[in-house]
Amino acid sequence: MTLSPLEKTGILIEALPYIRQFYGKTVVIKYGGHAMVNCELKKAVMQDAVLMHLVGMRPVIVHGGGPEITSMLGRLGKQSQFIQGQRVTDAETMEIVEMVLVGKINKEIVANIHRYGGKAIGLCGKDGHLIEARKQVAHIQKDGEEMDLDLGYVGQVERVNPGIIETVIAEGYIPVVAPIGVGPEGESYNINADLVAGELAVALQADKLVLLTDVEGILADRNDPASLISSLEVGRVPELIQQGVIAGGMIPKVNCCIRALDGGVKKTHIIDGRIPHSILLEVFTDTGVGTMVVPG
Ligand code: ADP
Ligand code: MG
């Protein structure tokens with residue numbers, strides 16, 4: 001498809017009010033799913049972050065890494081059990097999770113941002129004591145009774161100390177955060193990256209939280225991509241979870257949007273990371289590319 005000069009300038013001009021609106025503003029991006037695996041999508045996400053940064057926004061990336069962790073555990077002959085979408089993490093698994101997330105994936109993202117013309121610094125929750133964590137216990141219903149389940153080193157965010165992020169941004173770098181928290185004894189915790197992104201967005205008082213995923217957004221019928229809910233009011237969420245419409249990995253996503261809105265983040269979006277440059281579309285154009293979770 002070739003665009004006429006008028007169409008090209010039209011697109012740039014459409015971005016102008018958004019660039020002005022978001023100049024100097026913080027946007028936290030949860031990077032995960034397909035967009036972390038597919039080469040074309042990887043490049044597009046890096047370019048989006050670099051572009052946002054160069055026009056004066058403050059993008060902060062929080063990444064996941066589930067599939068790579070699973071593949072490394074497999075190579076080492078370990079299998080994981082999942083409870084409520086969380087990986088049960090024993091001490092040995094935690095070691096591998098940390099090595100893959102912090103040692104491999106985080107540094108790859110940093111290297112790619114540099115490759116596409118930006119500057120980035122990789123951090124995990126231990127750096128500057130960024131993410132203080134405590135053990136998370138899962139509550140499940142069994143035979144009509146509430147039970148606690150031990151998930152090992154699965155953590156929840158206790159406190160965020162965003163100082164190191166501010167420093168890194170002030171020095172002109174894009175912060176890239178691996179979702180590992182640090183416990184009271186210096187131990188590591190494996191935390192869902194959506195939750196980290198939400199808490200970080202609150203601590204930074206971000207203007208926008210964008211969660212990339214491998215579906216169109218929140219669907220009214222999971223088997224029908226055309227059933228996208230483009231705007232979802234917080235008040236409707238408990239009912240949708242109760243009915244099983246929102247389930248699995250979508251639950252932490254929507255909950256973290258709610259938490260972020262409660263904590264003062266202005267806008268929250270769950271968008272389709274399979275569309276190249278979906279972040280750019282969301283931030284710089286009138287095109288909606290997923291579900292916006294809104295107060296109400
Ligand atoms: P990510 O890697 O992006 O965190 P997850 O697998 O954790 O992905 O969460 C997204 C998944 O949630 C979807 O792939 C889908 O299977 C599931 N899901 C559950 N309920 C819904 C819903 N109502 N709409 C869309 N996806 C849903
Ligand atoms: Mg998930």
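One-based numbering, in listed order, for ligands and for the atoms of each. Since this is a predicted model, take the numbers as computed values, not measurements.
Inspection of the Ser188 and Lys126 side chains reveals an N or O donor paired with an N or O acceptor under 3.5 Å. When only modelled atom types and interatomic distance are considered, Tyr23 and Gln21 share no side-chain donor-acceptor pair under 3.5 Å.
In the displayed structure, Arg115 atom CZ is contacted under 6.0 Å by at most 12 heavy atoms of other residues, nucleotides or ligands. More than 12 non-hydrogen atoms from other residues, nucleotides or ligands lie less than 6.0 angstrom from NE2 of His277. Within 6.0 Å of CD on Gln141 lie more than 12 heavy atoms contributed by other residues, nucleotides or ligands.
The protein heavy atom nearest to atom 2 (O) of ligand 1 is Gly33 N, 4.0 Å. For atom 12 (O) of ligand 1, the closest non-hydrogen atom on the protein side is Met250 N, 3.4 Å. When only non-hydrogen protein atoms are considered, atom 14 (O) of ligand 1 lies nearest to Val215 CG1, 3.8 Å. Among protein heavy atoms, atom 24 (N) of ligand 1 sits closest to Leu219 N, 2.9 Å.
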Given Ile191 and Gln156, is the side-chain contact (heavy atoms from CB on, under 4.5 Å) satisfied, shown in steps? CA-CA 6 Å; Ile191 311 178; Gln156 61 192 70; 5.7 Å; no

After noting the C-alpha distance and the side-chain angles of Thr93 and Lys78, does the key distance pass the side-chain contact (heavy atoms from CB on, under 4.5 Å) rule? CA-CA 8 Å; Thr93 302; Lys78 279 184 79 80; 3.1 Å; yes

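The pair Arg274-Glu216 meets the salt-bridge criterion, since a charged nitrogen lies less than 4.0 angstrom from a carboxylate oxygen. For the pair Lys135 and Glu187, the salt-bridge criterion is not met [side-chain N within less than 4.0 Å of a carboxylate O]. Under the 4.0 Å criterion applied to side-chain N and carboxylate O atoms, Glu282 and Lys208 are assigned as salt-bridge partners.
Judged by distance alone, with hydrogens and angles left aside, the side-chain atoms of His114 form a donor-acceptor pair with the main-chain N or O of Ala120 at under 3.5 Å.
Each of the atoms 24 (N), 25 (C) of ligand 1 lies under 4.0 Å from some heavy atom of Gly217. Each of the following atoms of ligand 1 lies closer than 4.0 Å to a heavy atom of Lys30: 4 (O). Short contacts between ligand 1 and Ile246, defined as distances under 4.0 Å to a heavy atom of the residue, involve ligand atoms 20 (N), 23 (N). Atoms of ligand 1 found under 4.0 Å from any heavy atom of Val245, numbered from 1 in the order shown, are 20 (N), 21 (C), 22 (C), 23 (N). Under a 4.0 Å criterion applied to the non-hydrogen atoms of Leu212, ligand 1 contributes the atoms 3 (O).
At a 4.0 Å heavy-atom cut-off, ligand 1 touches Arg222 through the side chain alone. Residue contacts with ligand 1 for Gln243 are absent, since no atom lies close enough (heavy atoms, distance under 4.0 Å). When non-hydrogen atoms are compared, ligand 1 lies under 4.0 Å from the side chain of Lys253 (C-beta onward) but not from its backbone.
For atom 6 (O) of ligand 1, the protein comes within 4.0 Å by no heavy atom at all. The presence of a protein heavy atom under 4.0 Å from atom 26 (N) of ligand 1 is confirmed.
Checked by distance only, ligand 1 and Ala247 come closer than 3.5 Å through their nitrogen or oxygen atoms. Note: no N/O pair closer than 3.5 Å links Ile218 and ligand 1 by distance alone. Taking distance alone, with nitrogen or oxygen atoms compared against 3.5 Å, Gly32 stays at or beyond that limit from ligand 1. In terms of polar-atom proximity, Asp214 is not counted as a contact of ligand 1, lacking any N or O under 3.5 Å from an N or O of the ligand.
Heavy atoms of Glu216 stay at 4.0 angstrom or farther from ligand 1.
Nearest to atom 8 (O) of ligand 1 by heavy atom, out of Thr213, Ile241, Leu211, is Thr213.
Linking ILVMFWY residues whenever their side-chain heavy atoms come closer than 4.5 Å, directly or via other members, leaves Ile69 and Val154 in distinct clusters.
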